[in-house]
Number of protein chains: 4
Amino acid sequence: MQTKKDEIRKTILEAAQKEFLIHGYEGASMRTIAKKANTTLGNIYHYYENKEAILEELLREPVEKVKKMIDDHVKLQDDLYTMAEMQELLGDLDNLMDYHEMQCLLDERLVILFDLRTTHFVKIRDDAIHKFKQHLAWHLGMDDDDSAYVDIIMNTFIACVRHVLSEHKGTEESKKEFIKVFKVLCAGVMSNRKEEE
Amino acid sequence: MQTKKDEIRKTILEAAQKEFLIHGYEGASMRTIAKKANTTLGNIYHYYENKEAILEELLREPVEKVKKMIDDHVKLQDDLYTMAEMQELLGDLDNLMDYHEMQCLLDERLVILFDLRTTHFVKIRDDAIHKFKQHLAWHLGMDDDDSAYVDIIMNTFIACVRHVLSEHKGTEESKKEFIKVFKVLCAGVMSNRKEEE
Amino acid sequence: MQTKKDEIRKTILEAAQKEFLIHGYEGASMRTIAKKANTTLGNIYHYYENKEAILEELLREPVEKVKKMIDDHVKLQDDLYTMAEMQELLGDLDNLMDYHEMQCLLDERLVILFDLRTTHFVKIRDDAIHKFKQHLAWHLGMDDDDSAYVDIIMNTFIACVRHVLSEHKGTEESKKEFIKVFKVLCAGVMSNRKEEE
Amino acid sequence: MQTKKDEIRKTILEAAQKEFLIHGYEGASMRTIAKKANTTLGNIYHYYENKEAILEELLREPVEKVKKMIDDHVKLQDDLYTMAEMQELLGDLDNLMDYHEMQCLLDERLVILFDLRTTHFVKIRDDAIHKFKQHLAWHLGMDDDDSAYVDIIMNTFIACVRHVLSEHKGTEESKKEFIKVFKVLCAGVMSNRKEEE
DNA sequence: CATGAATGAGTTTTCATTCAT
DNA sequence: CATGAATGAAAACTCATTCAT
């Protein structure tokens, strides 16, 4: 039955996701995943070629979505935000998250991606972060993409995505939490630029 | 010779620190540490009871310092910062890092601590973070220690400590970097509170 | 449908034969055989009790034929070849292979048999080889069945059967190739005996 | 102690050689090798990086010797043997094997090489065989290196090396056996060429 | 008949740790 | 003190085989 197969595939995937979150991909054990998925070690290999294949299926969707989000952002090529626009944006922040683009960030699986130390996803992740940082730098009118500000924003962004996801799993609450984070973050950057002007 | 013994202890410790940073404590291999310390696997066990003992010695100092820093902060019981005081603080931020208390945060070993997934240090770390968050909440006049603002600050703090340490290893540059981060962060929180007032 | 059943049996058998040839019986994988036979792993077990049963069906025919060939040869108890007879035989060698007895040697499945390291066929094979060697020794007037000459002929015989089968799969070409081999071989043995006489 | 280490290395190597001969490299089990070497599975990995490393150490010497033998033969570029020279060679065959070049062929480890189905040694082996066949073809004045005669000789050569080694392990007896084989083989080829002339 | 999910023992390999020398 | 041989458990993965549907 295909129904059952898909169900077990999903069960394995969910068990793997949990284990990857707790112990990291590298530290997670296939045996434990099998146990938590109520199946045997060998049987997992009927569904996934190997450990990395599970990671692959787990990360495919969120990675593609994030990639698309970044690409869409970059393509827009919208002008630098003026202070006024920035403030307007902040005021309307509550609606920001309704913007479908941002939704992809509230995905638990991204935490797994952030913690990866091996596999080709490391490069994918770092490339995506770099791209995003470059665009962010242009967005904020920075000359050097290695500028501290960009790094700060980027790291805070990631740190908060991670935190929001691990502590407030419900999507609705997560969204609100994320908005708050983003608001404070933007306020910080803005007031800093104001000082410099 | 006690000198030589101490030297080897130190060499092992340094090799372990590098390996722990790259692969994480759990992912680091005693064999590799032995090789990088130019000694043998078995000899490490003359200096350290086991893998965790190395971690213990490695983290003792930074953990105690951070603990002390938090305790000192809490004991001061200084009043809530008024907006004015806060702004004054920000203006003088360049001297902030000279404050010996903060120096302890620029320690590479804290990154290892942040990434830990096993051992009793996880509890120590989480307790310390919780304590700091509680104090931070009181500091900022928040009623709930789980408030988003505190989490934001906390996470940004950690994320930036991590980043500053991994990208700018020289202490001097690190300090400047850290100050920038902290400045933006405070500015954000402050402007946010101003809005609310 | 019995027709279909037989067809699938045959397909499995052919897939197994290919795999056994490439990786050897022991190294061949049931999964791969299933895939190459366009069926499922489980379904193979409806046609064959286990892996060895496939080998059994695969080797039954060629083994029996070879056994019969050897027995027939032994039963003939024809006299020792004189040098003259031997030379006559060689002259007529091109017709030798038309002799139906020999045809059984040009069977790809014998290569699988030669490479076997497990199962009861090992004994069957070794017994057959031993019998053939004994008869060959008698044929050539050797006193000791372990004589080098017999071993040489036997091994060359097998080696060439193997080679002819793996390089020239078309039966017609194989036949010619085999004749050449046999001719040279006999010439060698003969000229050697001549020397000794 | 280095003495003991080398001894155990040797013990493991010998156990591996036996197992490889019986079950083939691919079919041999590290567990069994460990047991037969009176050590533990894990301990083998102190001496050899992996299974293939054992094969590597096992085959290095015989492979290099055979390669050298072939190269030396090819470099000589000696003329085609005339029939007379060939016969002289045959008469002096008993001394042929004293020729140090040939000694390398009487090595049990070559049987392991011949039976290999995986690892890079397959290419090394096939390249060496091809080189030898080409030279042999030139030696015998054949125009086509794929000629049946060359294949015959080559296969017989290998088959007999294999047989001699597996049945007559004592070097002295092996040598005599090998000479007989070679004699018959040459006689066969020679008488065949005579016929053609 | 056919499917493919399931199993359990097998494989090679790595690891932290112990111990005799 | 130092060495490195030894150990045993656990890792990822494969395999022949079974069985419910």
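The structure displayed is predicted, hence computed values, not measured ones. Each chain gets a letter, A, B and so on, in the order its sequence line appears, and its residues count up from 1.
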Residues passing the salt bridge (Lys or Arg N to Asp or Glu O under 4.0 Å) test with D:Arg117, sequence neighbours excluded, are C:Asp115
The answer to which of B:Gly27 and B:Asn43 contacts DNA chain E further toward the 5' end, by nearest nucleotide, is B:Gly27
Hits for side chain to side chain contact (heavy atoms under 4.5 Å, CB included) against A:Thr11, two or more places apart or cross-chain, chain-then-number order -> A:Ala37
Taken to the nearest whole Å, CG/D:Leu55 to P/E:dT12 is 13 Å
Sorted by number, residues from residues 32-42 of chain A placing a heavy atom under 4.0 Å from DNA chain F are A:Leu41, A:Gly42
Residue set satisfying salt bridge (Lys or Arg N to Asp or Glu O under 4.0 Å) with B:Glu61, at least two apart, ordered chain then number -> B:Lys65, B:Arg109
By side chain to side chain contact (heavy atoms under 4.5 Å, CB included), D:Phe121 pairs with (sequence neighbours left out) D:Leu55, D:Glu56, D:Leu59, D:Val63, D:Leu113, D:Leu116, D:Thr119, D:Ile124
Rounded to whole Å, CD of C:Glu19 lies from P of F:dA16 at a distance of 11 Å
When rounded to whole Å, the NZ to P distance for the pair D:Lys10 and F:dA5 reads 17 Å
Taking Watson-Crick and G-U wobble contacts under 3.5 angstrom, with | marking pairs to another strand and [ ] crossing pairs, the secondary structure of DNA chain F is written .||||||||||||||||||||
The side chain to side chain contact (heavy atoms under 4.5 Å, CB included) partners of B:His46 (sequence neighbours excluded) come to B:Asn43
To the nearest angstrom, the NZ-C1' distance between C:Lys51 and E:dG10 comes to 13 Å
Check your understanding: Which part of the nucleic acid, if any, lies within reach of C:Ala28 when heavy atoms closer than 4.0 Å are counted: base, sugar-phosphate only, or nothing?
Key -> sugar-phosphate
From CD1 of C:Ile44 across to P of E:dG4 the rounded distance in Å is 13 Å
Query raised in the report: Got a salt bridge between B:Lys123 and B:Asp127, using NZ or NE/NH1/NH2 to carboxylate O under 4.0 Å?
Result: yes
Side chain to side chain contact (heavy atoms under 4.5 Å, CB included) filter on B:Ile22, not counting sequence neighbours, yields B:Glu19
Residues passing the salt bridge (Lys or Arg N to Asp or Glu O under 4.0 Å) test with B:Arg125, sequence neighbours excluded, are none
So B:Glu52, base contact, sugar-phosphate only, or nothing? Heavy-atom distance under 4.0 Å.
nothing
Exercise for the section: Output yes when at least one side-chain N/O atom of D:Tyr45 is less than 4.0 Å from OP1 or OP2 of E:dT13, else no. Expected result: yes
The residue, A:Arg31 or B:Ser29, whose nearest nucleotide of DNA chain E is more 5′ is A:Arg31
Notebook entry, point to check: Using a cut-off of 4.0 Å on non-hydrogen atoms, how would the nucleic acid contact of A:Asn50 be classed: base, sugar-phosphate, or nothing?
Noted result: sugar-phosphate
Among the nucleotides E:dA5, F:dT3, F:dA6, whichever has the atom closest to the side chain of B:His46 is F:dT3
